[in-house]
S.K.: 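Right, I'll just put the structure down here and ask away after.
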Amino acid sequence: MLKSVVMPALALALACAAPAIAQPVTLTVPYGDLDLTNEAGRQALDARLDRASRKVCGGTAPVRDLARIASWRVCVAAARASTRDQVELALNAANARRVAVLADKLVLLVSF
(Lines give C-alpha, C1' and ligand atoms only; values in the text may rest on other atoms or scores of the structure.)
Protein backbone atom coordinates (compact mmCIF):
# COMPACT_ATOMS: atom_id res chain seq x y z
CA MET A 1 0.00 0.00 0.00
CA LEU A 2 1.35 3.40 -0.97
CA LYS A 3 1.39 5.81 1.94
CA SER A 4 2.63 9.35 1.76
CA VAL A 5 2.68 12.71 3.42
CA VAL A 6 1.74 15.69 1.28
CA MET A 7 3.85 18.71 2.06
CA PRO A 8 2.26 22.05 1.17
CA ALA A 9 4.49 25.10 1.43
CA LEU A 10 4.80 28.56 0.02
CA ALA A 11 7.53 29.10 -2.49
CA LEU A 12 9.04 32.02 -0.64
CA ALA A 13 11.59 32.66 -3.32
CA LEU A 14 8.69 33.61 -5.59
CA ALA A 15 7.01 35.47 -2.76
CA CYS A 16 10.07 37.64 -2.24
CA ALA A 17 10.27 38.48 -5.93
CA ALA A 18 6.56 39.16 -6.45
CA PRO A 19 4.21 38.59 -3.48
CA ALA A 20 1.08 38.66 -5.65
CA ILE A 21 2.12 35.63 -7.73
CA ALA A 22 3.27 33.23 -4.99
CA GLN A 23 1.59 29.88 -5.52
CA PRO A 24 1.28 26.99 -3.06
CA VAL A 25 3.66 24.15 -3.82
CA THR A 26 3.03 20.54 -2.82
CA LEU A 27 5.37 17.60 -2.71
CA THR A 28 4.40 14.04 -1.86
CA VAL A 29 6.74 12.20 0.52
CA PRO A 30 6.22 8.41 0.46
CA TYR A 31 6.69 6.40 3.65
CA GLY A 32 4.91 3.11 2.96
CA ASP A 33 8.22 1.27 2.99
CA LEU A 34 9.08 2.46 6.51
CA ASP A 35 8.24 0.82 9.83
CA LEU A 36 7.11 3.82 11.86
CA THR A 37 6.82 1.73 15.02
CA ASN A 38 10.57 1.83 15.52
CA GLU A 39 13.08 4.66 15.86
CA ALA A 40 14.90 3.89 12.61
CA GLY A 41 11.68 4.21 10.60
CA ARG A 42 10.75 7.48 12.30
CA GLN A 43 14.24 8.89 11.69
CA ALA A 44 14.08 7.89 8.03
CA LEU A 45 10.73 9.68 7.64
CA ASP A 46 12.14 12.73 9.40
CA ALA A 47 15.12 12.78 7.01
CA ARG A 48 12.80 12.48 3.99
CA LEU A 49 10.70 15.37 5.28
CA ASP A 50 13.82 17.49 5.83
CA ARG A 51 14.99 16.85 2.26
CA ALA A 52 11.53 17.54 0.86
CA SER A 53 11.23 20.76 2.88
CA ARG A 54 14.48 22.06 1.46
CA LYS A 55 13.51 20.98 -2.05
CA VAL A 56 10.11 22.64 -1.99
CA CYS A 57 11.75 25.85 -0.74
CA GLY A 58 14.32 25.98 -3.52
CA GLY A 59 17.09 23.60 -2.52
CA THR A 60 19.93 24.93 -0.42
CA ALA A 61 19.97 28.16 1.54
CA PRO A 62 20.97 31.22 -0.47
CA VAL A 63 24.49 32.49 0.09
CA ARG A 64 25.42 35.99 1.27
CA ASP A 65 21.91 37.44 1.25
CA LEU A 66 20.61 37.59 4.80
CA ALA A 67 17.04 38.46 3.80
CA ARG A 68 16.84 35.52 1.38
CA ILE A 69 18.44 33.20 3.94
CA ALA A 70 15.84 34.24 6.50
CA SER A 71 13.01 33.73 3.98
CA TRP A 72 14.38 30.30 3.08
CA ARG A 73 14.52 29.28 6.74
CA VAL A 74 10.94 30.46 7.27
CA CYS A 75 9.85 28.47 4.23
CA VAL A 76 11.59 25.29 5.46
CA ALA A 77 10.06 25.67 8.93
CA ALA A 78 6.59 26.26 7.43
CA ALA A 79 6.96 23.22 5.17
CA ARG A 80 7.87 21.00 8.14
CA ALA A 81 5.08 22.46 10.25
CA SER A 82 2.59 21.71 7.49
CA THR A 83 3.25 17.98 7.91
CA ARG A 84 2.92 17.71 11.70
CA ASP A 85 -0.70 16.56 11.76
CA GLN A 86 -0.16 14.08 8.92
CA VAL A 87 2.93 12.62 10.61
CA GLU A 88 1.07 12.28 13.90
CA LEU A 89 -1.76 10.43 12.12
CA ALA A 90 0.73 8.15 10.38
CA LEU A 91 2.50 7.34 13.66
CA ASN A 92 -0.80 6.69 15.43
CA ALA A 93 -1.97 4.44 12.60
CA ALA A 94 1.30 2.49 12.65
CA ASN A 95 1.06 2.01 16.41
CA ALA A 96 -2.61 1.01 16.17
CA ARG A 97 -1.73 -1.63 13.54
CA ARG A 98 1.05 -2.90 15.79
CA VAL A 99 -1.34 -3.18 18.75
CA ALA A 100 -3.91 -4.94 16.55
CA VAL A 101 -1.31 -7.47 15.41
CA LEU A 102 -0.20 -8.09 18.98
CA ALA A 103 -3.83 -8.47 20.07
CA ASP A 104 -4.34 -11.19 17.45
CA LYS A 105 -1.83 -13.39 19.20
CA LEU A 106 -2.99 -15.58 22.03
CA VAL A 107 -0.71 -16.64 24.79
CA LEU A 108 -1.56 -19.80 26.61
CA LEU A 109 -0.03 -19.97 30.03
CA VAL A 110 -0.57 -23.05 32.07
CA SER A 111 0.96 -23.68 35.45
CA PHE A 112 0.66 -26.94 37.44
Side-chain angles (χ1 to χ4, degrees):
M1 175 191 297
L2 177 65
K3 298 176 201 161
S4 62
V5 172
V6 177
M7 175 177 290
L10 292 179
L12 288 182
L14 290 176
C16 291
I21 63 167
Q23 297 294 315
V25 176
T26 60
L27 183 65
T28 301
V29 179
Y31 66 89
D33 60 321
L34 301 175
D35 179 359
L36 299 180
T37 63
N38 65 47
E39 186 63 26
R42 291 186 297 271
Q43 286 179 355
L45 177 58
D46 193 49
R48 288 179 188 182
L49 291 171
D50 281 341
R51 281 190 304 274
S53 296
R54 290 190 304 274
K55 182 177 181 180
V56 79
C57 293
T60 59
V63 179
R64 298 184 188 160
D65 184 341
L66 295 179
R68 288 181 59 213
I69 291 170
S71 293
W72 182 84
R73 287 181 179 164
V74 167
C75 180
V76 171
R80 282 307 305 263
S82 73
T83 65
R84 281 194 191 114
D85 290 343
Q86 294 176 80
V87 170
E88 185 176 341
L89 286 173
L91 294 175
N92 289 340
N95 287 326
R97 282 189 301 277
R98 182 175 184 220
V99 169
V101 167
L102 293 174
D104 284 347
K105 296 178 182 167
L106 299 175
V107 176
L108 187 62
L109 178 61
V110 178
S111 60
F112 293 96

S.K.: Is there a donor-acceptor contact under 3.5 Å from the side chain of Ser71 to the main chain of Arg68?
M.R.: no
S.K.: Step by step, would you call Arg80 with Asp46 a side chain to side chain contact (heavy atoms under 4.5 Å, CB included)?
M.R.: CA-CA 9 Å; Arg80 282 307 305 263; Asp46 193 49; 2.6 Å; yes
S.K.: From Leu49 CG over to Gln86 CD, what is the distance, rounded to the nearest 0.5 angstrom?
M.R.: 9.0 Å
S.K.: Which heavy-atom pair separates Trp72 from Pro62 by the least distance, and what is that distance?
M.R.: CB-CD, 3.7 Å
S.K.: Which atom names give the shortest non-hydrogen contact between Ala79 and Val56, and what distance separates them?
M.R.: CB-CG1, 4.0 Å
S.K.: To the closest 0.5 Å, what do you measure between NZ (Lys55) and SG (Cys57)?
M.R.: 12.5 Å
S.K.: Going from OG1 on Thr83 to CG on Leu89, what distance comes out if it is rounded to the nearest 0.5 angstrom?
M.R.: 11.5 Å
S.K.: Using side chain to side chain donor-acceptor pair (under 3.5 Å) as the criterion, list what pairs up with Asp35, not counting sequence neighbours.
M.R.: Thr37, Asn38
S.K.: Any side-chain to backbone donor/acceptor pair from Arg42 onto Leu36? Under 3.5 Å, distance only.
M.R.: yes
